[in-house]
Enquirer: 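Here's a structure for you.
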Amino acid sequence: MSKTEMEQDEHLFLYDTESKEKKKLIPKKGHPLKIYTCGPTVYNYVHIGNLRTFVFEDLLRRVLKFFGFSVQQVMNLTDVDDKTILGAIKSNKSLAEYTKPFERAFFDDLETLNVEKVESYPKATDYIESMIEMIQSLLDKGYAYIGKDLSVYFRISEFSSYGRLSHLQLEELKEGASERENTSQDEYDKENAGDFVLWKSFDEKRDGNIFWESPFGRGRPGWHIECSCMATKILGETIDLHLGGVDNIFPHHENEIAQSEACSGKHFVKHWMHVEHLVVEGKKMSKSLGNFFTLRDLVSKGFSGRDIRFLLLQSHYRMPLNFTFQGLDAAKNSLRRVEDFVTRLNEITHDTCAHLIGEHLSRAEFLFKKALSDDVNIAQAMAAFFDMIREINTLCDHNGVSQKEAGIVLKTLEEFDKVLGCLPLTKQELKVPEEVESLFDQRQKARAEKDFKLADDLRDQILEKGYIIEDSALGSKLKLKP
Ligand code: AMP
Ligand code: ZN
């Protein structure tokens with residue numbers, strides 16, 4: 001690779017759902033990028049499908065910083081909707097009592113997956129007053145009306161560019177717009193089947209005692225207005241990036257555009273990004289299909305947050321990710337390769353070298369960044385990273401890396417990890433059961449006494465318990481069986 005090739009313009013290009021093009025992200029001098037990411041509905045534990053989207057959003061945040069952008073990111077918590085209300089009523093709790101433990105569990109999950117904290121996590125119930133103001137303004141401007149069931153609806157026929165994000169035809173739009181937010185089974189409540197709810201009128205049988213007072217009667221906000229309101233209140237009328245899973249494109253994000261722009265008269269979002277689904281046997285992982293795993297399910301099966309994060313982020317965000325335990329095992333093994341590499345580098349004590357490290361590292365850094373600049377092509381970035389490990393391992397085989405160079409490689413790995421967030425760079429103490437330790441000691445003794453039959457026998461017993469023994473010039477050590 002020539003020097004000029006390596007020094008080429010380093011811009012970040014990201015695919016935009018609305019224009020269907022990769023667009024160059026332009027930094028705004030002195031201003032952070034304003035990012036809104038649709039957060040979880042805190043009525044239960046999130047599943048690893050939801051977490052795929054949240055891990056990608058974290059990856060993007062890290063990539064943006066890697067490219068020199070500063071960011072102001074908001075992730076909302078939907079703590080009022082049909083599901084949270086139903087859960088609270090069923091468990092005889094207030095809405096806050098019901099949602100609080102799931103909110104806490106969500107933050108624990110993010111921590112397990114080493115997801116960076118964003119600048120704000122607003123809760124929908126803290127913004128009801130502002131939502132009411134927004135709905136009133138939409139009523140005043142003629143974009144909204146009160147339906148026969150006394151709920152307030154958005155009139156999609158008034159918003160001329162409705163459908164521009166999802167690229168759907170009017171008939172398809174009419175069918176889907178009210179999905180998840182049907183006020184009743186009776187479509188006659190609305191002027192048009194595609195109109196969606198802004199304020200859901202109170203129904204004692206359905207809502208128990210959960211309601212807010214408003215100029216248009218008791219009730220609660222619709223899901224879509226929650227995000228429009230929190231996004232514009234915290235980040236302003238125009239935001240730079242808005243993200244969510246692909247299921248959010250329609251109707252949720254289409255409706256967010258309509259409400260926000262009808263209210264402010266300003267362009268709402270400059271750039272839309274959507275994460276493809278995590279699927280199981282070709283079907284979207286979802287609570288309703290019952291084909292889901294929570295993070296806790298996987299941790300209890302012996303996988304670490306690192307393993308799961310690696311699995312979730314290693315394929316491109318615009319491709320569906322098929323979840324299998326084989327895939328998760330493979331992710332675990334890939335990280336073990338990195339761990340072995342790190343251990344090897346840490347064990348180098350000699351000062352001879354082949355003077356090739358600089359070349360390997362700069363090529364890997366260049367290819368890693370180039371891949372990320374192309375719509376966060378993480379699969380290619382990972383390939384550059386693992387190629388580098390392979391090349392440096394080969395150098396190590398021939399004593400071509402000195403202790404000082406090994407230190408430089410370890411520092412470079414830390415830089416990669418600012419983006420990846422899951423490399424095993426710190427030594428993790430292997431917790432070996434006492435019984436295995438004892439077998440290992442006996443085997444060492446047998447070897448010292450040249451009783452190789454007994455030593456082999458003990459090695460097999462250790463293997464049965466899930467551990468292998470690695471013998472090298474530096475001695476023998478126990479490792480987990482791959
Ligand atoms: P929800 O709590 O249903 O609003 O979902 C929270 C986030 O997870 C949204 O951005 C969804 O689009 C996303 N999501 C839901 N299911 C999946 C899935 N199977 N794969 C990836 N993302 C998902
Ligand atoms: Zn949202």
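As the structure is a prediction and not an experimental result, all values here were calculated from the model. As the structure lists them, so they are numbered: ligands from 1, and atoms in each ligand from 1.
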Enquirer: Check this for me, if you would: do K123 and E226 make a salt bridge, where the nitrogen-to-carboxylate-oxygen distance has to be below 4.0 angstrom?
Expert: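 Salt bridge: no.
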Enquirer: Below 4.0 Å, non-hydrogen atoms only: which portion of D247 touches ligand 1? Side chain, backbone, both or neither.
Expert: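 For D247, only side-chain atoms sit under 4.0 Å from ligand 1.
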Enquirer: Just jot down the ligand 1 atoms closer than 4.0 angstrom to any heavy atom of P40, in number order.
Expert: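 What qualifies from ligand 1 is 2 (O).
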Enquirer: Ignoring angles and geometry beyond distance, decide whether L278 reaches within less than 3.5 Å of ligand 1 through its nitrogen or oxygen atoms.
Expert: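 The answer is yes, given that L278 and ligand 1 share an N or O pair closer than 3.5 Å.
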Enquirer: Would you say the ring centroid of Y121 lies under 6.0 angstrom from that of F107?
Expert: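 Yes, ring centres under 6.0 Å apart.
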Enquirer: Can you tell me if, anywhere in H253, an N/O/S atom lies at a distance from the Zn ion (ligand 2) that is smaller than 2.8 Å?
Expert: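 Looking at H253, which is the residue asked about, there is no N, O or S atom under 2.8 Å from the Zn ion (ligand 2).
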Enquirer: Taking the non-hydrogen atoms of H47, is any one of them nearer than 4.0 angstrom to ligand 1?
Expert: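 Heavy atoms of H47 do come under 4.0 Å of ligand 1.
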Enquirer: Could you tell me which atoms of ligand 1, counted from 1 in the order shown, lie closer than 4.0 angstrom to a heavy atom of F54?
Expert: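 Heavy-atom distances to F54 below 4.0 Å select 6 (C), 7 (C).
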Enquirer: What do you reckon, does K83 have a nitrogen or oxygen under 3.5 Å from a nitrogen or oxygen of ligand 1?
Expert: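 It does not: no N or O of K83 is found under 3.5 Å from an N or O of ligand 1.
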Enquirer: If you take the centroid of each ring, where Trp contributes its six-membered ring, are F325 and F293 closer together than 6.0 Å?
Expert: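 Yes: the rings meet the under 6.0 Å criterion.
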Enquirer: Taking atom NE2 as the centre, does H31 end up with more than 12 heavy-atom neighbours from other residues, nucleotides or ligands that are less than 6.0 angstrom away?
Expert: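 For H31, atom NE2 is not crowded (no more than 12 foreign heavy atoms under 6.0 Å).
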Enquirer: Taking NZ, NE, NH1 and NH2 as the nitrogens, is one of them in E158 or K141 under 4.0 Å from a carboxylate oxygen of the other?
Expert: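 Result for this pair is no, no salt bridge flagged.
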Enquirer: Within the 4.0 Å heavy-atom shell around G244, which atoms of ligand 1 are there?
Expert: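 Counting from 1, the qualifying ligand atoms are 10 (O).
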Enquirer: Would you mind listing which atoms of ligand 1 come within a distance below 4.0 Å of any non-hydrogen atom of T53?
Expert: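 Reading through ligand 1 atom by atom, the close ones are 10 (O), 13 (C), 21 (C), 22 (N), 23 (C).
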Enquirer: Give yes or no for whether the N/O distance cutoff of 3.5 Å, strictly under, is met between R52 and ligand 1.
Expert: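 In fact, backbone or side chain, R52 has no N or O that close.
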Enquirer: Between K23 and D16, does any NZ, NE, NH1 or NH2 come within less than 4.0 Å of an OD or OE carboxylate oxygen?
Expert: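 Looking at K23 together with D16, the answer is yes, because their closest N to O distance falls below 4.0 Å.
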Enquirer: Heavy-atom contacts with G49 under 4.0 Å: which atoms of ligand 1 show up? List them by number with element.
Expert: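 Result: 17 (C), 18 (C), 19 (N), 20 (N), 21 (C), 22 (N), 23 (C).
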Enquirer: When the aromatic ring centroids of F154 and Y145 are compared, is their separation below 6.0 Å?
Expert: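 Distance test on ring centres: not under 6.0 Å, no.
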Enquirer: With a cut-off of 4.0 Å, which atoms of ligand 1 are near a heavy atom of M285?
Expert: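 Listed by number with element: 16 (N), 18 (C), 19 (N).
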Enquirer: For the metal site, I want the angle between atom NE2 of H252 and atom SG of C227 with the Zn ion (ligand 2) at the apex, to 10°.
Expert: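 The angle at the Zn ion (ligand 2) comes to 110°, rounded to the nearest 10°.
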Enquirer: Please answer whether the main-chain N or O of I132 pairs with a side-chain N or O of S214 as donor and acceptor at a distance below 3.5 Å.
Expert: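 Pair absent, no side-chain N/O of S214 close to backbone of I132.
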Enquirer: Geometry only, no angles: is E276 polar-contacting ligand 1 at N/O separations under 3.5 Å?
Expert: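 No: no nitrogen or oxygen of E276 is under 3.5 Å from one in ligand 1.
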Enquirer: I'd like to know whether the aromatic ring centres of H224 and F196 sit less than 6.0 Å apart in this structure.
Expert: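 Here the rings of F196 and H224 have centres that are less than 6.0 Å from each other.
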